[in-house]
K.L.:
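Input: one structure, supplied below.
Computation of the quantities below employed the complete heavy-atom set of this structure, encompassing side-chain atoms and omitting hydrogens, waters and symmetry-equivalent molecules. Letters A, B, ... mirror the listed sequences (proteins, then strands); counts begin at 1.
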Amino acid sequence: DSGVTQTPKHLITATGQRVTLRCSPRSGDLSVYWYQQSLDQGLQFLIQYYNGEERAKGNILERFSAQQFPDLHSELNLSSLELGDSALYFCASSVQGTSGYNEQFFGPGTRLTVL
Amino acid sequence: GEDVEQSLFLSVREGDSSVINCTYTDSSSTYLYWYKQEPGAGLQLLTYIFSNMDMKQDQRLTVLLNKKDKHLSLRIADTQTGDSAIYFCAEMYSGAGSYQLTFGKGTKLSVIP
């Protein structure tokens with residue numbers, strides 16, 4: 001158990017809908033990361049938040065957005081869903097080290113199926 | 001952009017050594033990582049290596065880094081059936097407080113009893 005929790009575990013929805021995925025980081029971790037794992041694209045970095053502020057953006061679609069709240073939990077919002085958005089979405093968290101080393105602890109993921 | 005390449009499959013007999021190879025492109029990466037993903041589970045960090053190191057050993061795991069060729073390998077000694085999983089190589093891109101992992105597609109290791 002990494003200490004990172006994600007809800008829900010599974011989500012089935014229809015095209016055109018909007019969903020929200022939730023992540024609670026490990027206690028004390030200020031950074032939260034979102035990754036998408038799909039069969040064709042593999043594991044791709046989406047976005048990073050640090051203490052409520054966006055720090056880095058990867059291959060995140062404009063239909064997707066995220067935020068980190070004052071209690072440090074994060075939500076990933078996916079809208080206008082398409083079949084191709086079906087994937088496993090991982091959240092990870094880390095503490096900001098000063099040595100440059102960064103260990104990201106991954107949650108169990110949310111499996112999104114778009115029908 | 002950054003790209004990490006791995007072979008997709010590896011099959012070994014129980015008790016043999018497994019070697020999983022990876023090539024990366026970003027020469028500025030300071031840390032390189034190996035993650036393990038078991039079926040239906042999240043990613044578990046196995047080990048990492050700092051870019052100024054050539055080798056790192058941690059129990060049954062040995063990581064070799066050839067920075068000139070941008071080649072990374074993970075050797076698992078005395079491979080067990082419990083080692084069957086997908087192994088991901090990843091490089092870290094960092095800057096201005098941002099940390100972004102770029103993963104390979106993963107190598108599925110099958111251990112034959």
K.L.:
Evaluate the side-chain proximity of B:Y99 to A:Q48: yes if any heavy-atom separation is below 4.5 Å, no if none is.
P.N.:
yes
K.L.:
Between A:K9 and chain B, with a heavy-atom cut-off of 4.5 Å, which part of the residue counts as in contact: side chain, backbone, both or neither?
P.N.:
neither
K.L.:
Which bit of B:Q37 comes within less than 4.5 Å of chain A, counting heavy atoms only: side chain, backbone, both or neither?
P.N.:
side chain
K.L.:
Does NZ belonging to B:K108 count more than 12 external heavy atoms closer than 6.0 Å?
P.N.:
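Check fails, neighbour count at 12 or below.
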K.L.:
State the CG-CD distance between A:D1 and B:Q44, to the nearest 0.5 angstrom.
P.N.:
11.5 Å
K.L.:
Please say yes or no: joined through hydrophobic side-chain contacts below 4.5 Å, possibly via intermediate residues, are A:V32 and A:V95 part of one cluster?
P.N.:
no
K.L.:
Answer yes if B:W34 and B:I49 sit in the same cluster of Ile, Leu, Val, Met, Phe, Trp and Tyr residues linked by side chain heavy atoms under 4.5 Å apart, and no otherwise.
P.N.:
yes
K.L.:
Would B:Y33 end up clustered with B:L74 when hydrophobic side chains under 4.5 Å apart are linked, directly or stepwise?
P.N.:
yes
K.L.:
Taking atom CG of A:L39 and atom NZ of B:K105, what is their separation to the nearest 0.5 Å?
P.N.:
10.5 Å
K.L.:
Of all the heavy-atom pairs spanning A:Q37 and B:F88, show the shortest one and how long it is.
P.N.:
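Here A:Q37 and B:F88 meet closest at NE2-CZ, 3.4 Å.
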K.L.:
Applying the 4.5 Å side-chain criterion to the ILVMFWY set and letting contacts propagate, would A:L11 and A:Y89 be lumped into a single cluster?
P.N.:
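A:L11 clusters together with A:Y89.
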K.L.:
Would you say that more than 12 heavy atoms from the other residues, nucleotides or ligands in this model lie under 6.0 Å from the CZ of B:F9, or not?
P.N.:
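No.
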K.L.:
Chain B heavy atoms under 4.5 Å from A:N51: which part of the residue, side chain, backbone, both or neither?
P.N.:
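Contact with chain B involves no heavy atom of A:N51 at all.
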K.L.:
According to a 4.5 Å side-chain heavy-atom criterion applied to Ile, Leu, Val, Met, Phe, Trp and Tyr, with indirect links allowed, do B:I112 and B:V12 form part of one hydrophobic cluster?
P.N.:
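B:I112 and B:V12: separate clusters.
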K.L.:
A:F105 versus chain B, heavy atoms under 4.5 Å apart: side chain, backbone, both or neither?
P.N.:
neither
K.L.:
Nearest heavy-atom pair of A:Q104 and B:L101: which atoms, and what distance?
P.N.:
OE1-CD1, 3.5 Å
K.L.:
A quick test of your reading: do over 12 heavy atoms of other residues, nucleotides or ligands sit less than 6.0 Å from CZ of A:R26?
P.N.:
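More than 12 within 6.0 Å, yes.
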K.L.:
So what's closer than 4.5 Å to chain B heavy atoms on A:I47: side chain, backbone, both or neither?
P.N.:
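For A:I47, there is no contact with chain B at all, as no heavy atom is under 4.5 Å.
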K.L.:
Can you say whether A:Q6 sits under 4.5 Å from chain B via the side chain, the backbone, both, or neither, judging by heavy atoms?
P.N.:
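The answer is neither part of A:Q6.
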K.L.:
Grab the two heavy atoms, one from B:S98 and one from A:R55, that are nearest each other, plus how far apart they are.
P.N.:
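For B:S98 versus A:R55, the nearest heavy atoms are CB-O, 3.6 Å.
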K.L.:
Could you check whether any side-chain heavy atom of B:Y48 comes within less than 4.5 Å of a side-chain heavy atom of A:N102, counting everything from C-beta outward?
P.N.:
no
K.L.:
So, for A:F45 and B:F103, is the gap between ring centers shorter than 6.0 Å?
P.N.:
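Ring centres of B:F103 and A:F45 not closer than 6.0 Å.
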K.L.:
Side chain from CB out, backbone as N, CA, C, O: work out which of these in B:L45 comes under 4.5 Å of a heavy atom of chain A, or both, or neither.
P.N.:
side chain
